[in-house]
Amino acid sequence: MLPQVAVTIVFFFWPAFESLRLSFFRTSPFGDRQVFVGLENFVRLLSAPDYYQAIANTFVFALGVTGIGVGAGLLVAALATQHIRGLAAYRTALLWPYGIAPPVAGIIFLFIFHPSYGVLPYWLSFVTTYEVNWLLKGWVAMTLVIVATAWTHVGYNIAFFLAGLLAIPTSVMEAASVDGAGGLRRFRSIVFPLLSPITFYLVVVNLIFSFFGSFGVIKAVTQGGPGNATEIMVYKVYKDGFIGLNLGSSAAQSVMLMIVVIGLTALQFKFLEKKVTY
Amino acid sequence: MSIATLPDVRTATRPVAAVTTRPRPRIRWENVVIHVLLLACVLVIAFPLYYAFVISTQTVEQVMARPPLLRPSSHVLENYAGAWSRSHMGRLLWNSAIVALVSTVGKIAISMLSAFAIVYFDFRGKTLVFWMIFVTLMLPVEVRIMSTYEVIGDLGWLDTYWGLTVPLMASATATFLFRQFYQTVPNELCEAAQLDGVGPLRFLWSFLLPLSWANIAALFVVLFIFGWNQYLWPLMITNTEAMRVVVIGIEELIPRTGTHVPEWNVMMAAAMMALLPPVAVILFMQRWFVKGLIESEK
């Protein structure tokens, strides 16, 4: 008991409290002086256009990753409603990228998207003359990091959907078949409603993951660039705090993030309550 | 003969297959379409890794070739040896293994103990403690990096294995999993043990631990992957090359556009080595992995 409490206090409560405190101070770059500035850090932050840019980037990234992940999960679940053979084998064949760290996945996709050697720009050059160069075009860089992150996470969603699918009693499905419901119809009227709590849960988990787990892929691949087209909130906390040494602003950003997490977690608990009925 | 025994093995090892109903003959063609679609998904998912592997076997000239060569070449050894020596791969893998194993074992041990305390003991402040652990679920490391960094600095743990592993050990998820599991253990077992004069720690060791192996295995796999793939935390608290973990260490091999020779073959060889251990763990322990994944999120 004691170790857990100790670790919790030292590494969770104290830091969280420190962030909160620092966000009300302006600290000199060497950390020797601290001046209480009240809400000034927040005011500054919220009046800086690049913070809104970071928020917008974060949402694009999070929605992209969540959309691809949950969408692919649903697709596979829809295909698997026929209760075909070898589902577990498919699950494994789709799940293994989960073991790959997003930064490593990012490096692989960095090459796939490589403007001069990558296979993707090469293939696309047959279709369009548009230059798909992530170094020059912000949205290409964003697509790169989204796809790389989604790649590692698709299997996670699929595993959950399949688990949910197998929890649906076969009798329900058989009854629907007997009543003449086709595959698509069965998915729409039985499977999807029964999977909706899982869908909701996965949306929240994917959002949390892409809000906070996305640092590595950004740092390894684009460093927020080109310009700051892929600068997301977590990366900005790091950049302003560690590279820019603006501790006050960085702490204020941490507090903003905490608010986001608490909001998302509250959503998650709502899901937990719902799940009891299902 | 081997063909005849194959289906039995499958149903035995994959509980999922047992649940499936026999497909009706009249919708067979539909199943064929589904298999084709699922296989297409598998191929799309597998392509990036295949491509990375192919690149890791080529020479720089082959890497730069247009159209891109999508078949493996024969330069495996030199690329992997090059990547190994240039990124100090031995050291990187060792560090990653330490971080992943120590944080995983520590996390499981701590969570077991605290879940045990929460379930089997009444003490003052129990609700407070429970609530405190609960809150840690909500605050990922990323949110409080700056100040956690300061705490580690104050403890003098920068650039040490302590600093790398201990902060990762507090995990609400694992505590909840064990708590949930202990609550399913019948109370009679505890009472019987007490009657026989078994102390609490002995009860934990000789009764609960043997019952928990399935949960421990499942958690172990999930946490191992989690620990191996840590990025932000190791990046922040290590300054020296000797303490880098592999996910971070291979980054310096990325040929940035411009001055570098585009040695993507060496880069991909290093990436393959970095991703192989966790992927192998998932593949070999997939049953535990899926169990851990799904149960730890309940």
Side-chain angles (χ1 to χ4, degrees), chain A residues 1 3-5 7-8 10-12 14-16 18-19 22 76 79 82-85 87-88 90 92-101 103-104 107-109 111-112 117 119 122 135 151 154 159-160 163 166 170 183 212 215-216 220 234 237-238 241 247 250-251 254 257-258 261-262 265, chain B residues 14 16-17 19-21 30-31 34-35 37-38 41-42 45 48 51-52 55 63-64 66-68 110 113-114 117 129 132-133 136 138-140 142-148 150-151 167 169-170 225 229 231-232 247 251 254 257 262 264 267 271 274-275 278-279 281-283 286 290 293-294:
Chain A
M1 193 71 221
Q4 172 112 38
V5 175
V7 174
T8 306
V10 175
F11 299 112
F12 287 84
W14 191 6
E18 271 288 303
S19 288
L22 276 176
V76 172
L79 292 176
Q82 302 292 328
H83 280 319
I84 50 159
R85 280 174 169 277
L87 260 193
Y90 282 120
T92 311
L94 296 166
L95 181 61
W96 59 264
Y98 187 72
I100 300 176
V104 179
I107 292 172
I108 292 175
F109 276 87
F111 186 74
I112 292 178
Y117 318 124
V119 69
Y122 177 76
L135 285 167
W151 180 52
V154 160
F160 269 86
L166 293 172
T170 22
F212 305 105
F215 173 82
V234 177
V237 172
Y238 166 83
L247 292 182
S250 179
S254 293
L257 277 175
M258 276 187 220
V261 195
I262 290 168
T265 315
Chain B
R14 296 185 197 123
V16 174
V19 188
T20 58
T21 52
E30 228 177 276
N31 284 6
I34 286 166
H35 278 293
L37 287 174
L38 281 174
C41 292
V42 170
I45 292 278
Y51 190 49
I55 296 297
V63 169
M64 298 197 305
R66 300 253 102 169
I110 288 183
L113 281 172
S114 52
V129 167
M132 269 173 53
I133 295 171
T136 61
M138 304 213 281
L139 296 176
E142 285 80 4
V143 177
R144 47 199 165 73
I145 36 173
M146 290 305 299
S147 26
T148 315
E150 273 176 31
V151 172
M169 283 181 196
I225 306 287
N229 289 343
Y231 184 89
L232 179 58
V247 175
E251 230 175 81
I254 299 179
T257 337
W264 279 97
M267 174 72 254
L275 63 79
V279 170
V281 166
I282 289 192
L283 289 180
Q286 54 132 328
V290 173
L293 209 60
I294 288 170

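Just so it is clear, the model here is predicted, and its values are computed rather than measured.
Y51(B) meets the side-chain hydrogen bond (donor to acceptor under 3.5 Å, both in side chains) test with no other residue; sequence neighbours excluded. Under the ring pair (Phe, Tyr, Trp, His ring centres under 6.0 Å) criterion, Y98(A) pairs with H153(A), Y156(A), F289(B), sequence neighbours left out.
With a 4.5 Å cut-off on non-hydrogen atoms, V290(B) touches chain A through its side chain but not through its backbone. Using a 4.5 Å cut-off between heavy atoms, V119(A) contacts chain B through both its backbone and its side chain.
The choice from A52(B), P278(B), P48(B), A271(B) that makes the most heavy-atom pairs within less than 4.5 Å of chain A is P48(B). Between chain A and the residues A274(B), C41(B), P67(B), the largest count of heavy-atom pairs under 4.5 Å involves P67(B). Counting heavy-atom pairs closer than 4.5 Å to chain A, the top-ranked of the candidates L283(B), V279(B), I225(B) is V279(B).
Checked against the 6.0 Å centroid threshold, W264(B) and Y117(A) do not count as a close aromatic pair.
Between Y231(B) and F215(A), the ring-plane angle classifies as tilted under the 30° and 60° cut-offs.
L79(A) and L38(B) get closest at one heavy-atom pair: CD1-CD2, 3.9 Å.
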